[in-house]
Amino acid sequence: MTDGLPLSCEELLTTTRSVRHGLDLDRAVDPALVEDCLRTALQAPNGNNRQNWRWLLLTDPRVRADVAEVYRAAFHERNAAALERLEELPAATRSVLTAARTLADRLHRVPVLVIPCLEVAGGRLPPGNQAGLWGSLLPAAWSYALAARSRGLVTAWTAVHLDREREVADVLGLPPTVRQGALLPTAHPLRTTFRPGPRLPLERVLHRDGWQGTRPV
C-alpha cells in the first residue's frame with residue numbers, strides 16, 4: 001500500500017520539495033494512503049485547538065479537470081508578462097517558471113488534489129496581518145506534504161488558484177464561510193531521490209536581538 005521511505009527527520013525536512021515535473025501521472029494513488037497522511041496532518045498546532053480546518057480530497061477526473069481549468073487561467077493571467085520574455089529571465093527563475101507552467105498545463109492529470117481550507121466566521125478575512133488566522137491551517141498543510149513524502153508520495157505546494165478563489169469555490173460547492181489556503185497536487189514520483197533546495201545561508205537572514213543588532217552580511 002505504501003512505498004514509505006527510510007528517511008531521517010532531517011532528511012525529510014530538507015528534501016521535501018515542490019515536485020512539478022516529476023509527477024507520475026499514470027499511476028493511481030490510493031485515497032486511503034492520502035487519508036493516512038491527512039490524519040498525521042491533523043496533529044499540527046492550531047489556534048485554541050479549534051480545528052476549524054476542512055480538507056478537500058479531489059480524485060474525480062471531472063472535478064479535477066474543472067479545478068485545473070480555473071487554475072490554468074489564473075496561472076497564465078498572473079504570469080503572462082514573464083512568459084512572454086521567458087528567455088530573458090535568469091536561469092533559476094526561468095527553470096521554476098517553466099516547471100510551474102508544466103504543472104498548470106497537466107494539473108488535470110495529477111491523480112489527487114488536496115485543498116486545505118479554513119472555516120471563517122462570515123467568510124471575511126480579517127484586515128491587517130493574517131498570520132494568526134493562517135497559522136491554524138498552513139502548518140497542517142505542510143505536515144501533510146511531509147507525511148506524503150514519508151509514504152513515498154510527492155506534492156507541489158501552490159496557491160495560484162487563490163487568484164480565482166471564488167471560481168474554485170463555485171466548482172466545489174463551498175459555502176461562503178470556507179476559505180481556501182493552498183492547493184497540493186499529490187502523486188507518486190518518477191524518482192525518489194531529492195536534494196535540499198537552494199537557500200540563502202542562515203548568516204544572510206538571521207538578526208539577533210532586534211533588526212539592527214546583527215546585520216546580515
Side-chain angles (χ1 to χ4, degrees), residues 3 5 7 11-29 34 37 56-116 134 138 141-142 144-168 171-172 180-201 204-205:
D3 296 330
L5 303 174
L7 299 172
E11 287 175 315
L12 180 64
L13 291 171
T14 58
T15 65
T16 298
R17 308 255 60 84
S18 277
V19 179
R20 303 178 182 93
H21 277 307
L23 301 169
D24 190 336
L25 304 177
D26 298 315
R27 182 179 176 186
V29 173
V34 177
C37 298
L56 295 169
L57 172 55
L58 311 181
T59 58
D60 186 303
R62 292 169 298 179
V63 175
R64 288 185 284 119
D66 289 344
V67 170
E69 184 178 358
V70 178
Y71 183 96
R72 274 191 294 276
F75 174 83
H76 287 285
E77 185 176 75
R78 176 187 288 197
N79 295 290
L83 290 171
E84 287 181 359
R85 57 184 189 89
L86 193 61
E87 297 307 316
E88 303 172 16
L89 300 176
T93 303
R94 185 168 62 248
S95 176
V96 170
L97 187 56
T98 300
R101 181 176 61 184
T102 297
L103 177 64
D105 291 343
R106 304 191 303 177
L107 187 64
H108 61 289
R109 295 184 57 201
V110 180
V112 172
L113 303 179
V114 172
I115 301 181
W134 295 110
L138 300 187
W142 183 238
Y144 166 75
L146 294 171
R149 165 93 167 115
S150 74
R151 289 166 171 80
L153 300 173
V154 287
T155 60
W157 185 296
T158 178
V160 171
H161 74 295
L162 297 181
D163 291 353
R164 297 190 174 206
E165 182 185 6
R166 188 66 257 165
E167 291 181 49
V168 175
V171 166
L172 300 174
Q180 302 161 61
L183 172 65
L184 295 156
T186 303
H188 289 281
L190 294 176
R191 61 186 178 90
T192 57
T193 302
F194 297 93
R195 296 176 296 179
R199 297 291 187 269
L200 293 172
R204 290 278 303 277
V205 297

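- Of all heavy-atom pairs spanning Ala156 and Leu103, the tightest one is CB-CD2, 4.1 Å.
- Between the CG atom in Leu12 and the CG atom in Leu146 there is a gap of 5.0 Å [rounded to 0.5 Å].
- For the pair Pro116 and Ala182, the tightest heavy-atom approach, listed with the atom from each and the gap, is CD-O, 3.3 Å.
- The closest donor-acceptor contact from the side chain of Gln180 to the backbone of Ile115 lies at 3.5 Å or more, if one exists at all.
- A distance of 10.5 Å separates CD in Glu11 from OG1 in Thr16, rounded to the nearest 0.5 Å.
- Using a distance-only test at 3.5 Å, with no hydrogens or angles considered, a donor-acceptor pair links the side chain of Arg17 to the main chain of Thr14.
- Closest approach of Thr186 to Val29, counting heavy atoms only: O-CG2, 4.3 Å.
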Could you give the side-chain donor-acceptor pairs of residues 64-71 under 3.5 Å, partners two or more places apart or in another chain?
unit_1 : atom_1 : unit_2 : atom_2 : d
Arg64  : NE     : Thr59  : O      : 3.0
Arg64  : NE     : Pro111 : O      : 3.4
Arg64  : NH1    : His108 : O      : 2.9
Arg64  : NH1    : Val110 : O      : 2.7
Arg64  : NH2    : Thr59  : O      : 3.3
Tyr71  : OH     : Thr158 : OG1    : 2.7

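- Residue pairs meeting the salt bridge (charged side-chain N to carboxylate O under 4.0 Å, His left out) criterion with at least one partner in residues 79-106, sequence neighbours excluded, are absent.
- If you run side chain to side chain contact (heavy atoms under 4.5 Å, CB included) between Leu190 and each of Asp26, Asp24, Val154, only Asp24 comes through.
- Residues Ala141 and Leu184 share a closest heavy-atom pair of O-CD1, 3.9 Å.
- No donor-acceptor pair closer than 3.5 Å links the side chain of Ser95 to the backbone N or O of Ala91.
- With hydrogens and angles disregarded, no donor-acceptor distance shorter than 3.5 Å links the side chain of Arg151 to the backbone of Leu153.
- The minimum heavy-atom distance between Gly152 and Pro189, with the atom names listed, is O-CD, 3.1 Å.
- For the atom pair OG1 (Thr98) and CZ (Arg20), the distance works out to 11.0 Å, reported to the nearest 0.5 Å.
- Residues Leu113 and Leu107 meet the side-chain proximity criterion, which asks for heavy atoms closer than 4.5 Å.
- The CG atom of Leu183 sits 5.0 Å away from the NE2 atom of His161 when rounded to the nearest 0.5 Å.
- Between Leu138 and Gly181, the shortest heavy-atom contact is CD2-O, 4.0 Å.
- Here the CH2-OG distance, from Trp157 to Ser18, works out to 9.0 Å after rounding to the nearest 0.5 Å.
- Residues Arg149 and Thr15 are in side-chain contact: their nearest non-hydrogen atoms beyond the backbone lie under 4.5 Å apart.
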Tell me, with the steps shown, if Phe75 and Leu97 meet side-chain contact (heavy atoms from CB on, under 4.5 Å).
CA-CA 10 Å; Phe75 174 83; Leu97 187 56; 4.1 Å; yes
